[in-house]
Visitor: 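After the structure tokens below, expect a handful of questions from me.
The shown structure was predicted, so the numbers you read here are calculated from the model rather than taken from an experiment.
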Amino acid sequence: MKLLYHPDCSQISLAGVLYALGDPVRLQVVQQLAADGELTCNAFDCDVAKSTMSHHFKILRESGVIRSRKEGTQHVNSLRQDELQELFPGLLDAVLQSSACGAVTG
């Protein structure tokens with residue numbers, strides 16, 4: 001079984017997190033995780049190919065924004081909200097609030 005890479009907190013950079021959050025599809029994933037908690041990959045209703053969604057999850061995971069774990073044949077995703085808050089206080093809340101107000105467009 002292939003292990004999924006998750007950076008340690010010391011490896012998470014502001015530039016990497018901002019890059020991950022800068023894509024409209026990835027931002028939609030983060031918004032849905034923030035609203036609903038843990039979700040499997042197929043729970044997201046994004047109008048992109050499955051391979052493209054896999055790429056977006058990889059970017060989010062490797063930047064330190066989400067954590068993914070295997071559960072049977074599914075990947076269950078969750079926000080690394082506590083770690084991000086500790087590293088970059090208020091960043092995730094500000095991004096989510098701004099995107100909810102329509103300030104971030106795709």
Side-chain angles (χ1 to χ4, degrees):
M1 176 173 71
K2 181 180 172 186
L3 294 176
L4 299 173
Y5 171 75
H6 296 91
D8 293 328
C9 286
S10 64
Q11 299 170 311
I12 298 174
S13 71
L14 179 59
V17 171
L18 291 175
Y19 172 77
L21 295 174
D23 181 88
V25 173
R26 293 192 292 264
L27 184 56
Q28 183 181 347
V29 168
V30 170
Q31 289 170 323
Q32 197 166 344
L33 286 171
D36 299 335
E38 288 190 328
L39 294 170
T40 60
C41 292
N42 62 0
F44 297 90
D45 187 27
C46 298
D47 194 24
V48 296
K50 185 177 178 180
S51 60
T52 303
M53 281 303 293
S54 293
H55 174 73
H56 286 307
F57 282 111
K58 180 181 178 184
I59 296 290
L60 288 166
R61 188 179 64 252
E62 292 184 355
S63 68
V65 175
I66 67 170
R67 184 168 302 282
S68 301
R69 64 181 165 77
K70 290 274 286 179
E71 197 170 279
T73 59
Q74 299 284 329
H75 284 103
V76 180
N77 304 286
S78 59
L79 279 179
R80 292 179 68 173
Q81 212 156 3
D82 292 340
E83 292 111 324
L84 291 173
Q85 177 64 22
E86 185 176 319
L87 290 168
F88 314 110
L91 174 67
L92 191 56
D93 291 337
V95 169
L96 291 170
Q97 184 178 17
S98 293
S99 62
C101 294
V104 178
T105 60

Visitor: Below 4.5 Å, heavy atoms only, C-beta onward: do Leu92 and Val30 meet side chain to side chain?
Guide: yes
Visitor: Any pair with a residue in residues 20-29 that passes salt bridge (charged side-chain N to carboxylate O under 4.0 Å, His left out), sequence neighbours left out, goes on the list, sorted by first then second residue, please.
Guide: none
Visitor: Yes or no on side chain to side chain contact (heavy atoms under 4.5 Å, CB included) for Val65 and Val17, after CA distance, side-chain angles and deciding distance?
Guide: CA-CA 6 Å; Val65 175; Val17 171; 4.1 Å; yes
Visitor: Is there a side-chain contact between Leu39 and Gln32, using heavy atoms and a 4.5 Å cut-off?
Guide: yes
Visitor: What residues form a side-chain hydrogen bond (donor to acceptor under 3.5 Å, both in side chains) with Arg61, not counting sequence neighbours?
Guide: none
Visitor: For residues Leu4 and Lys58, determine if any side-chain heavy atom of one lies less than 4.5 Å from a side-chain heavy atom of the other.
Guide: no
Visitor: Quick check: does any side chain N or O of Gln28 sit under 3.5 Å from a backbone N or O of Cys46, one acting as donor and the other as acceptor?
Guide: no
Visitor: Would you find a donor on one side and an acceptor on the other, under 3.5 Å apart, between the side chain of Gln11 and the backbone of Asp8?
Guide: yes
Visitor: Side chain to side chain contact (heavy atoms under 4.5 Å, CB included), that's the test. Do Arg80 and Ile12 meet it? Break it down for me.
Guide: CA-CA 11 Å; Arg80 292 179 68 173; Ile12 298 174; 3.9 Å; yes
Visitor: Can you confirm whether Glu86 is buried at CD, in the sense that more than 12 heavy atoms of other residues, nucleotides or ligands lie under 6.0 Å from that atom?
Guide: no
Visitor: Hey, is the main chain of Val48 close enough, under 3.5 Å, to the side chain of Thr52 for a donor-acceptor pair?
Guide: no
Visitor: Is there a side chain to side chain contact (heavy atoms under 4.5 Å, CB included) between Lys70 and His75 once you walk through the steps?
Guide: CA-CA 5 Å; Lys70 290 274 286 179; His75 284 103; 3.2 Å; yes
Visitor: Taking His6 for its side chain and Ser68 for its backbone only, find out whether a donor-acceptor pair lies under 3.5 Å.
Guide: yes
Visitor: Quick check: closest heavy atoms across Cys9 and Leu87, and the distance to 0.1 Å?
Guide: O-CD1, 3.7 Å
Visitor: With clusters defined by side-chain heavy atoms of hydrophobic residues (ILVMFWY) lying less than 4.5 Å apart, directly or transitively, does Leu79 cluster with Phe44?
Guide: yes
Visitor: Measure the CZ-OG distance between Phe88 and Ser13 for me, rounded to the nearest 0.5 Å.
Guide: 6.5 Å
Visitor: State whether the side chain of Ser63 and the backbone N or O of Leu60 hold a donor-acceptor pair below 3.5 Å, judged by distance alone.
Guide: yes
Visitor: Would you please test Met53 and Val29 for side chain to side chain contact (heavy atoms under 4.5 Å, CB included) and show each step?
Guide: CA-CA 10 Å; Met53 281 303 293; Val29 168; 3.9 Å; yes
Visitor: Taking the side chain as C-beta and beyond, is there a heavy-atom pair between Asn42 and Gln74 under 4.5 Å?
Guide: yes
